[in-house]
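This structure is a prediction, so every number in the text was calculated from the model and none was measured. We use all heavy atoms of the structure for the numbers below, so side chains are in, but hydrogens, waters and symmetry mates are not.
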Amino acid sequence: MARVLVMIPAGEVYDHDNVRWYKHSDIQRSIDHYHNIGDAFVFESSLKLMNYEKVAELPIAGPPMEKIDQLREEYDYVILRGSNYINREMNWRDTIPVLKRLGLPVIAFGVGAQAPVKGQLELSEESKAVWRLIADSTTSVGVRGAYSAQVLNDIGIKNVRVIGCPTAFRRNNQHLRIKLPALDTVKKVGVTVRREVSPTYAQDIQRYLTLHRDLIKEMANRFDITLMAQGEVEEKKMVFGTGEQKEDAIAALKANRWVSDWYFDDAIEKLYRERMYYSDVVADYETLVRAHQLVLGYRLHGNLMALANGVPSIYFTYDSRTAEFAETYKIPSYDVFGGKPFRLEDYWDQSLFDQYNRAWFETYGEMNIFLTENGVDHKMTETGRRASDSARRVA
């Protein structure tokens with residue numbers, strides 16, 4: 001079985017292929033620190049698709065090179081978990097000398113780029129060098145969608161395959177399909193919450209927040225809802241904080257002008273106090289989504305965890321990352337900046353989810369091919385689709 005190094009992990013591994021945040025049993029250690037537990041979803045899902053004997057972190061910040069020599073002898077390849085690593089701000093630390101010294105294949109496992117609202121994405125020379133080094137080490141680079149593939153193509157990297165995200169396939173059931181129940185039978189709904197957003201990527205913060213507020217309140221008026229947070233400090237304090245920390249969180253939200261003007265009214269405050277959910281353990285989220293009949297909202301990976309478990313989800317797209325993801329899988333999605341009001345009934349259409357089912361099945365096949373052609377020992381099964389012999393090329 002394979003021996004795997006992980007570049008930039010997101011949490012600690014337990015029980016072989018499960019992930020939770022570091023020191024999760026002492027939430028106070030990280031309660032004032034934002035970390036996106038969605039990154040841990042991707043990390044854990046990657047592990048669940050692979051067969052391996054052992055897994056360890058590949059250090060990229062000033063490791064002694066004799067340590068890298070030792071890792072070369074003890075491990076077979078490196079995986080880089082899917083995330084927004086194709087960006088102009090990425091600090092790669094000592095990645096280039098480490099990878100050159102290590103000399104092992106680096107499997108980019110669903111990585112992505114994100115377009116700014118204004119102008120073109122310009123990668124640093126360091127980032128270009130890192131991505132060329134990774135691409136040269138393997139048969140193909142796995143990206144989440146067409147835009148990310150094009151960004152790599154523009155810097156001369158042609159061996160790219162669109163594979164989406166490992167989280168979509170964490171159950172490893174090629175027969176998984178979304179089947180909508182009658183809407184009038186839906187009782188429990190999860191709303192994935194992303195209050196913090198950057199104006200670099202979202203074009204209109206006022207519209208973003210007011211629609212977010214209105215979605216939460218509309219769903220609360222119709223269903224038994226759970227607000228699903230993924231690591232923002234104030235939301236986390238509403239779940240795990242002391243009484244004083246919870247009041248500090250409320251005060252901080254009210255002190256933020258954008259939030260207080262466009263999002264955090266009395267109704268939202270009440271829901272935050274009574275309906276907020278957060279956990280540092282990925283398995284807890286999987287249990288949570290299985291208890292719901294619909295999950296929708298602003299969180300890419302929170303929504304995807306639901307789809308991965310056969311629970312319908314609707315994406316609210318607000319930047320190139322969420323739009324690219326919805327396009328890869330043909331996920332029913334609402335454009336936050338499109339100008340139309342959101343009506344749940346418009347999306348409760350089995351034909352829309354059948355498009356998703358077909359795209360998911362095709363992308364499952366692409367993920368299978370990607371792992372196989374890169375020599376990764378994995379658990380995925382043949383889908384019966386026609387498999388190409390080489391990576392998908394981007395013109």
Inset, instruction - Determine yes or no for a side-chain-to-main-chain donor-acceptor pair under 3.5 angstrom, with N87 supplying the side chain and N84 the backbone. - result: yes
Legend entry - Short N-O contact, K254 and E269, less than 4.0 angstrom: yes
Legend entry - Y315 ring center within less than 6.0 Å of Y334 ring center: no
Legend entry - Polar contact flag, side-chain donor to acceptor under 3.5 angstrom, Y22-D280: no
Inset, instruction - Evaluate whether atom CZ of R29 has more than 12 neighbouring non-hydrogen atoms of other residues, nucleotides or ligands under 6.0 angstrom away. - result: no
Legend entry - Side-chain ion pair, E345 and R222, N-O less than 4.0 Å: yes
Legend entry - Flag for H35-S30: side-chain donor and acceptor within less than 3.5 Å: no
Legend entry - Side chain proximity check, V19 to V281, heavy atoms < 4.5 angstrom: no
Legend entry - Pairwise side-chain contact, L102 with L5, heavy-atom cut-off 4.5 Å (strictly under): yes
Legend entry - Ion pair R275/D224, N-O distance below 4.0 Å: yes
Inset, instruction - Give a yes-or-no answer on whether the side chains of E66 and Q70 include a donor-acceptor pair shorter than 3.5 Å. - result: no
Inset, instruction - Please report the shortest heavy-atom distance between T317 and S333, naming the atom on each side. - result: CG2-CB, 3.8 Å
Inset, instruction - Step by step, work out the salt bridge (Lys or Arg N to Asp or Glu O under 4.0 Å) result for R72 and D69. - result: CA-CA 5 Å; R72 184 194 317 115; D69 293 338; 2.6 Å; yes
Inset, instruction - Look at D335 together with K340 and state whether they make a salt bridge at an N to O cut-off of under 4.0 Å. - result: no
Inset, instruction - Could you tell me whether the side chains of T381 and Q174 share a donor-acceptor contact shorter than 3.5 Å? - result: yes
Inset, instruction - State, without any angle test, whether T192 and R299 hold a side-chain donor-acceptor pair at a distance under 3.5 Å. - result: no
Legend entry - Lys/Arg cation over aromatic Y75: K54, 6.0 Å, 45° cone: yes
Legend entry - Geometric class of the W262/W258 ring pair [parallel <30°, tilted 30-60°, perpendicular >60°]: parallel
Inset, instruction - Measure centre to centre between the rings of Y318 and Y201, then say whether the value is under 6.0 Å. - result: no
Legend entry - Side-chain heavy-atom pair L71, P59 within 4.5 angstrom cut-off: yes
Legend entry - F370 side chain near T138 side chain, heavy-atom distance below 4.5 Å: no
Inset, instruction - For the residue pair Q28 and Q245, confirm or rule out a side-chain donor-acceptor distance under 3.5 Å. - result: yes
Legend entry - Min side-chain heavy-atom separation V193-Y277 under 4.5 Å: no
Legend entry - Test item: side-chain donor near acceptor, N153 and K158, under 3.5 Å: yes
Legend entry - Check ion pair E247-R273 (N to O, under 4.0 angstrom): yes
Legend entry - Audit row: E235, Y272, side chain to side chain donor-acceptor pair (under 3.5 Å) steps and yes/no: CA-CA 8 Å; E235 283 76 359; Y272 261 49; 2.6 Å; yes
Legend entry - Basic-acidic side-chain contact under 4.0 Å: D32, K237: yes
Legend entry - N-O pairing of E324 and R144 below 4.0 Å: yes
Legend entry - Modelled atom types, side-chain donor and acceptor of S140 and N159, under 3.5 Å: no
Legend entry - Test item: R207 side-chain N/O and V336 main-chain N/O as donor-acceptor pair under 3.5 Å: yes
Inset, instruction - Using a 4.5 Å cut-off on heavy atoms from C-beta on, say whether the side chain of Y263 contacts that of R195. - result: yes
Legend entry - Verdict with supporting geometry, Q114 and D319, side chain to side chain donor-acceptor pair (under 3.5 Å): CA-CA 8 Å; Q114 187 166 4; D319 59 10; 2.8 Å; yes
Legend entry - E286/R171 ion pair, N-O < 4.0 Å: yes
Legend entry - Ring-ring centroid check Y52 H16, cutoff 6.0 Å: yes
Inset, instruction - Could you tell me whether the side chain of N51 reaches within less than 4.5 Å of the side chain of K379, counting heavy atoms only? - result: yes
Legend entry - Pair R161, N374: side-chain N/O donor-acceptor within cut-off below 3.5 Å: no
Legend entry - Residues that I178 engages under side-chain contact (heavy atoms from CB on, under 4.5 Å), provided they are two or more places apart: L180, L307, P312, F353, Y356, N357
Legend entry - H301 side chain to D39 side chain, donor-acceptor N/O pair below 3.5 angstrom: no
Legend entry - Aromatic ring pairing F342/Y347, orientation class (parallel under 30°, perpendicular over 60°, tilted between): parallel
Inset, instruction - In plain terms, say whether K128 and E125 are close enough for a salt bridge, that is, a side-chain N and a carboxylate O under 4.0 Å apart. - result: yes
Legend entry - Salt-bridge present (K270, E274; N to O < 4.0 Å): yes
Inset, instruction - Pick out which of V6, I79, I8, L99 makes a side-chain contact (heavy atoms from CB on, under 4.5 Å) with L58. - result: L99
Inset, instruction - Answer yes when D346 and R343 have at least one side-chain N-carboxylate O distance shorter than 4.0 Å, and no when they do not. - result: yes
Inset, instruction - Check whether any side-chain heavy atom of K217 sits under 4.5 Å from a side-chain heavy atom of D265, and report yes or no. - result: yes
